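Keep in mind the model is a prediction, meaning the values are calculated, not measured. Positions are given from 1 along the sequence.
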Amino acid sequence: MYDVNLSKIAYSANSQAFVVISECPIVKIFLDRQSPQPIYLQIRDRISSLIKSGALQPGDRLPSIRSLAESLQVNKLTIIEAYNVLEADGAICARQGSGYFVSTQIVPYANLQPTFSPAQEVIIKEPGSNSFFDMHVSGVHAQRQPGMIDLSFGCPRPPKNLTQIAKRALNQADALSKYDLPQGQLTLRRQITQMLVHQGLNVSTENLIVTNGSEQALSLAIYHFVRPGDWVIVEAPTYFGVIAILESLGAKIIGIPMTPEGMNLELLEQYLCSHRPKLIYTISTLHNPTGLTTTQAHRQKLLALAEQYECPILEDNAYEGLNFEPVPAPIKALDKNNWVTYVGTFSKTLVPGLRVGYMVVTGEHYQAILERKLFHDVHVSTFSQAIVSEYLASGHYRRHLSQLRAENIQSRNIMLQAIEHYFPEEARWTVPKGGLFLWVQLPGDIPIQEITKEALSQNILIFCGSPFFPDKQGYPAMRLTFANSAEDIEKGISILGNLLKKYLSRGRKSISDYQPLVHIS
């Protein structure tokens, strides 16, 4: 048990400590070192309860990391983790040079139970053409129209010190002007390795390849593992860029439906047995487009099935670092026999224009993928790599992520409130615990394409759900990004809500009436 007081820091023989928390009365922090709950979460929970009870008021200054670590007799990293989670929750905020403070603008959202409940039907897709190019280009053009509210792409808010960091990184312009290794700069690979080890991966710089965004990493892996005519398993819905890569290769796609807990593993095993696919593509953390995160048990079961049926896994973790609360270690962290290829990127946490991603490849596949990477582009821009490296080395990246999480949870709650207020009661949605997106499931025969076009005519840009399914149909849905201002979210969701209600008023069926068939195209 530890007492916390405003006026001084003092130590007593019975191990009670006093630390400064603005002008708060004495409060007690209890740490149970025998509890299975990590210490940093115990600290998080106690400070969170003090804020909710009013013992800590908006604007109150929290103890410094060093002083709280000393008084609670824990490592400073433990306090950093606790503060990071509190900041991601939106409960506290960091002020550069001043420390941590209780947030003054916490947007609560009480209803955090997702209503997402799709039909569990598998989609089988034979090779065919795709519309990824047209969709991407038209979306970029629409993004740039004056007055457009973009609820589609989900780009992170750029760091405020981007120019300053870039100038510092580019001071070594002479060294950056030469050719470099296809696997990426050694310094950057070491930094990424340290970051991944902290997430639980057993990885070295010799397993890492720096890529032009995660899109290139996904393409390199798919073209290594898959041949034309091979079966590949994806989640349904899933990231449409991977569907496009598979279609361009001539692969046959099996779309296993998502449940609120992740890919339906019972259906997965059926199709692993019957079709013997060559690859499983999964987004385990902050899934695109649904925003769902799978549990540790789900990840262990998925890996066990992959090993049993000897089917490699391509794990896409593009939104790592944007989680509002701790998440399980990636599937790759559980991989002892080189079944998993892991992909990450800085496009969703810094700026997409840098085009810096990476992949972890272990075992015999590394050299072949690295050689294919060399043929693609020789190496990623040394200037982009240097900028990312400077962010990681200076500590600005960690602070930037904390700020992003704090802003994103506020924006997510604002969007959830707006959806609950403006959308028809037939709509169902996910409640993501991080990332940039949530997924709205709509009644079965609502004309989502017409709604998308009409929304665009009112300067609201969205992605309807069909491109995220292998057959380009699936069920009616939309992916919405909450990486926007409160004003844009409120306006955009109110317009979408009015459009949905208008079409539903014409006698559309409810979601419960919708029973889709297996789509074969």
Run the side-chain hydrogen bond (donor to acceptor under 3.5 Å, both in side chains) test on Ser219 and Arg372 for me, step by step, so that the C-alpha distance in whole Å, both residues' side-chain angles and the decisive distance to 0.1 Å come before the verdict. CA-CA 10 Å; Ser219 180; Arg372 186 184 293 272; over 6 Å; no
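- The local environment of NZ in Lys252 is crowded, with over 12 non-hydrogen atoms from other residues, nucleotides or ligands closer than 6.0 Å.
- Looking at Tyr239 and Glu215, their side chains do bring a donor and an acceptor atom within 3.5 Å of each other.
- For CD of Glu266, the number of neighbouring non-hydrogen atoms (other residues, nucleotides, ligands) closer than 6.0 Å is 12 at most.
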Apply ring-ring contact (aromatic ring centres under 6.0 Å, His included) to Trp439 and Phe468, showing your working. CA-CA 11 Å; Trp439 179 252; Phe468 298 93; 5.7 Å; yes
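- Scanning for ring-ring contact (aromatic ring centres under 6.0 Å, His included) contacts around Tyr281 gives an empty result, with sequence neighbours left out.
- Ring planes of Tyr397 and Phe346: perpendicular class, angle over 60° (limits at 30 and 60°).
- Using bins of under 30°, 30° to 60° and over 60° for the plane-to-plane angle, the ring pair Tyr83/Tyr100 lands in the tilted bin.
- A side-chain donor-acceptor contact under 3.5 Å links Tyr391 and Asn161.
- No side-chain donor-acceptor contact under 3.5 Å links Thr282 and Arg299.
- Enclosure of atom NZ in Lys502 by more than 12 non-hydrogen atoms of other residues, nucleotides or ligands within 6.0 angstrom is indicated.
- Atom NZ of Lys491 has 12 or fewer neighbouring heavy atoms from other residues, nucleotides or ligands inside a 6.0 Å radius.
- For the residue pair Tyr223 and Ser248, a side-chain donor N or O sits within less than 3.5 Å of a side-chain acceptor on the partner.
- Residues Ile451 and Leu499 share a closest heavy-atom pair of O-CD1, 4.0 Å.
- Of all the heavy atoms in Gly497 and Pro424, the pair that sits closest is O-CD, 4.4 Å.
- Because its NZ or CZ atom is not both nearer than 6.0 Å to the ring centre of Phe463 and within 45° of the ring axis, Arg479 does not count as a cation-pi partner of that residue.
- Ring geometry for His224 against His365 counts as perpendicular: the plane angle is over 60°, on a 0 to 90° scale with 30° as the lower cut.
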Stepwise, does the salt bridge (Lys or Arg N to Asp or Glu O under 4.0 Å) test hold for Lys332 with Asp335? CA-CA 5 Å; Lys332 183 61 183 173; Asp335 180 29; 2.9 Å; yes
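- Between Phe482 and Phe324, the angle of the ring planes lies from 30° to 60°, which puts this pair in the tilted group.
- For the residue pair Ser402 / Asn84, a side-chain donor-acceptor distance below 3.5 Å is found, with atom types taken as modelled.
- Residues His298 and Glu261 have side chains that never bring a donor and an acceptor to within less than 3.5 angstrom of each other.
- Between Pro277 and Tyr271 there is no side-chain heavy-atom pair separated by less than 4.5 Å.
- Using modelled atom types and a 3.5 Å distance limit, the side chains of Thr259 and Gln120 yield no donor-acceptor pair.
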